[in-house]
Amino acid sequence: MVVLVTGANGQLGQAIQSIAGKYPSIDFVFCSSSELNITDKKNCETVFEKHKPQFCINAAAYTAVDKAESEPEKAYSINCIGAKNIAETCKEFNTKLIHISTDFVFDGSKKTPYNETDSPNPKGVYGQTKLQGEKAIQETLEAFYIIRTSWVYSQFGNNFMKTMLRLASERDSISVVNDQIGTPTNAIDLAHSIIKIIESKLVEKHYGIYNFSNEGQCSWFDFAKKIFEINQVNIRLLPIPTTQFPTPAERPKYSVLDKTKIKNCFGILIENWETALAYHSKNNNNLNSYKG
């Protein structure tokens, strides 16, 4: 089976690469943005013609949440037009699409976990363009999976965990917001779950939108506190409200995702976020030993 992965140099793309050897029945084709520019339809068709994938994991995205506010055209080009190009190419080559989306499609006004049928209402450009990409896929394909995830971290790329550890090496104290609630997601856990869907005998019976993150919930402050605790970092950590840390893009106050659907449809077991973080920190050089 050939599985083509876009955005190979991104956080999820690198996570999938790190565990690819655990799945010998799959022939992974990893394409960076220079090898497959999803905003270029002809480029998409050329790559698909060469590899003829049965599945495409679209991990390519514009994810600079704050920068998107000043670069809306670029965010739209990648997150919407790019998603549409990939969907149309998948349709042309009879390829099943697994597209990665985000909790930022929600406005955060809910007080209980968001499920797949809740109405999206993104607040910023990033969330808006990701939602537009979702809609473009739904209008183009029947054979698709859209997986919304949240607060992704790993040893790869840029993410909150790596930022906290870097700042702790540079400062005596760090202030982190404590009134935004969500769930961290280990990129390795997400990668394994995507591949489990691909390998499932039910893959052609359960197309649609799914949520995936680790279990539980916390604030960014709680997340930072646990990062430092697990990594035995001694730092003065200060909780602050969002009002004291203004950003160009407004974040959802609450974006916990309900994972009932993906667990019931595919029997996926999901670790608590603290357990996943502890394992990641202990084995960040041997992540492919873990199949969440």
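What you see is a predicted model; the values in this text were computed from it and never measured.
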query: With side chains defined as the heavy atoms from C-beta onward, is the minimum distance between Ile198 and Ile57 less than 4.5 Å?
result: yes
Ile147 reachable from Phe144 in the ILVMFWY side-chain graph, under 4.5 Å edges: no
query: Quick one: does Pro120's side chain get under 4.5 Å of Arg148's, heavy atoms only?
result: yes
- prompt: Can you list every pair that meets salt bridge (Lys or Arg N to Asp or Glu O under 4.0 Å) and has a residue in residues 60-86, with sequence neighbours left out?
  reply: Asp66-Arg251
query: Are Gln11 and Asn159 close enough, and set up right, to give a side-chain contact (heavy atoms from CB on, under 4.5 Å), and what steps lead you there?
result: CA-CA 8 Å; Gln11 191 173 186; Asn159 58 71; 3.1 Å; yes
- request: State plainly whether the residues Glu250 and Lys123 are in salt-bridge range, i.e. N to O under 4.0 Å.
  value: yes
query: What do you reckon, is NZ of Lys225 surrounded by more than 12 foreign heavy atoms closer than 6.0 Å?
result: no
task: Please examine the side chains of Lys263 and Glu215, heavy atoms only from C-beta on, and report whether any two atoms are closer than 4.5 Å.
output: yes
query: Got a salt bridge between Glu229 and Lys226, using NZ or NE/NH1/NH2 to carboxylate O under 4.0 Å?
result: yes
- request: Would you indicate whether the side-chain heavy atoms of Thr243 and Asp179 approach each other to under 4.5 Å?
  value: no
- request: Specify the closest pair of heavy atoms between Ser213 and Thr149, including all atoms of both residues, with the distance to one decimal.
  value: CA-OG1, 4.4 Å
field: Considering all heavy atoms, the nearest Val176-Ala224 contact
entry: CG2-CB, 4.1 Å
message: Between Ile270 and Ile262, is there a side-chain heavy-atom distance shorter than 4.5 Å?
response: yes
- line: Heavy-atom closest pair (Val5 atom, Gly13 atom, distance to 0.1 Å) is CG1-CA, 4.4 Å
message: Would a single hydrophobic cluster contain both Met164 and Val152, if residues Ile, Leu, Val, Met, Phe, Trp and Tyr are joined by side-chain heavy-atom contacts under 4.5 Å?
response: no
query: Taking the six-membered ring for Trp, are Phe160 and Phe223 parallel (under 30°), tilted (30 to 60°) or perpendicular (over 60°)?
result: parallel
field: Minimum-distance pair of heavy atoms, taken over all atoms of Ala276 and Asp189
entry: CB-OD2, 3.7 Å
- prompt: Would the number of heavy atoms belonging to other residues, nucleotides or ligands and lying under 6.0 Å from NZ of Lys52 be above 12?
  reply: yes
- request: For Gln14 and Ser154, test the side chains for any donor-to-acceptor distance below 3.5 angstrom and give the result as yes or no.
  value: no
query: Between Ala8 and Gln17, which heavy-atom pair has the shortest distance, and what is it?
result: O-NE2, 2.8 Å
query: Can you check whether Thr140's main-chain N or O pairs, donor with acceptor, with Glu88's side chain at less than 3.5 Å?
result: no
field: Straight-line distance of Lys205 NZ to Leu202 CG, nearest 0.5 Å
entry: 6.0 Å
query: Under 3.5 Å, is there a donor-acceptor pair between the Lys41 and Thr89 side chains?
result: no
query: Are side-chain N/O atoms of Thr46 and Glu49 paired as donor and acceptor at under 3.5 Å?
result: no
task: Drop me the distance from Asp107's CG to Ser255's OG, to the nearest 0.5 angstrom.
output: 10.5 Å
message: Go through it in stages, so that I can follow the logic: the residues are His280 and Tyr153, the test is side-chain contact (heavy atoms from CB on, under 4.5 Å), and I'd like the CA-CA distance, side-chain angles, deciding distance and then a yes or no.
response: CA-CA 10 Å; His280 168 88; Tyr153 71 93; 4.1 Å; yes
query: Where do Thr242 and Gln180 land on the side-chain contact (heavy atoms from CB on, under 4.5 Å) test, with the steps shown first?
result: CA-CA 8 Å; Thr242 299; Gln180 295 173 23; 3.1 Å; yes
- line: Closest heavy-atom pair, Asp40 versus Lys42, reported as atoms and distance to 0.1 Å, is OD1-N, 3.1 Å
- prompt: If you round to the nearest 0.5 Å, how far is CZ of Phe266 from NE2 of His206?
  reply: 5.5 Å
field: Pair Ser219-Asp222, side-chain donor/acceptor within less than 3.5 Å
entry: yes
field: Expected output: side-chain Asn211 to main-chain Tyr114 donor-acceptor under 3.5 Å
entry: yes
message: Under 3.5 Å, is there a donor on one side chain and an acceptor on the other for Ser150 and Asp103?
response: no
task: Measure from the ring center of Tyr210 to the ring center of Phe212 and say whether it is less than 6.0 Å.
output: no
N-O pairing of Glu134 and Lys130 below 4.0 Å: no
field: Check: Tyr62 main-chain N/O paired with Asn79 side-chain donor or acceptor under 3.5 Å
entry: yes
field: Neighbour count >12 (heavy atoms, 6.0 Å) for atom CG, Asn94
entry: no
query: Run the side-chain contact (heavy atoms from CB on, under 4.5 Å) check on Ile78 and Thr39 step by step: do they pass?
result: CA-CA 6 Å; Ile78 297 170; Thr39 67; 4.0 Å; yes
task: Indicate yes or no: at least one non-hydrogen side-chain atom of Ile188 is less than 4.5 angstrom from one of Phe156.
output: yes
- prompt: If Ile, Leu, Val, Met, Phe, Trp and Tyr residues are connected whenever their side-chain heavy atoms lie under 4.5 Å apart, and connections chain through other members, are Leu269 and Trp273 in the same group?
  reply: no
query: Hey, what do you get for OG (Ser77) to CG (Asn37), rounding to the nearest 0.5 Å?
result: 7.5 Å
query: Do Pro184 and Asn214 come within less than 4.5 Å of each other through their side chains, counting heavy atoms only?
result: no
- prompt: For Lys96, does its backbone N or O pair with a side-chain atom of Tyr207 as donor and acceptor, under 3.5 Å?
  reply: no
task: Using the test side-chain contact (heavy atoms from CB on, under 4.5 Å), find all partners of Gln217 that sit at least two apart in sequence or belong to another chain.
output: Ile181, Thr183, Tyr254, Val256
message: When you group the ILVMFWY residues by side-chain heavy-atom contacts below 4.5 Å and let the links chain together, are Leu97 and Tyr145 in the same group?
response: no
- prompt: Below 4.0 angstrom, N of the basic side chain to O of the carboxylate: do Arg166 and Glu170 qualify?
  reply: yes
message: Has Gln244 got a side-chain atom pairing as donor or acceptor with Pro241's backbone, closer than 3.5 angstrom?
response: no
field: Flag, side chain of Thr6 to backbone of Ala60, donor-acceptor distance under 3.5 Å
entry: yes
task: Output all residues satisfying side-chain contact (heavy atoms from CB on, under 4.5 Å) with Thr95, sequence neighbours left out; order by chain, then residue number.
output: Phe48, Pro53, Cys56, Cys90, Phe93
- prompt: Would Ser25 and Glu199 count as a side chain to side chain donor-acceptor pair (under 3.5 Å) if you check the C-alpha gap in whole Å, the side-chain angles of each, and the deciding distance to 0.1 Å?
  reply: CA-CA 9 Å; Ser25 65; Glu199 290 193 322; 3.3 Å; yes
- prompt: How long is the span from the CD atom in Gln128 to the SG atom in Cys80, to the nearest 0.5 Å?
  reply: 11.5 Å
- prompt: Which distance, rounded to the nearest 0.5 Å, do you find between the CD1 of Ile195 and the CG of Leu190?
  reply: 10.0 Å
- prompt: Which of parallel (below 30°), tilted (30 to 60°) and perpendicular (above 60°) describes Phe104 and Tyr126?
  reply: perpendicular
- prompt: Can you tell me if Asp258 and Asn115 form a side-chain donor-acceptor pair at under 3.5 Å?
  reply: no
- request: Measure the shortest side-chain to side-chain distance between Asn58 and Ile100 over non-hydrogen atoms and say whether it is less than 4.5 angstrom.
  value: no
query: If you group Ile, Leu, Val, Met, Phe, Trp and Tyr by side-chain heavy-atom gaps below 4.5 Å, do Ile197 and Leu257 land in one group?
result: no
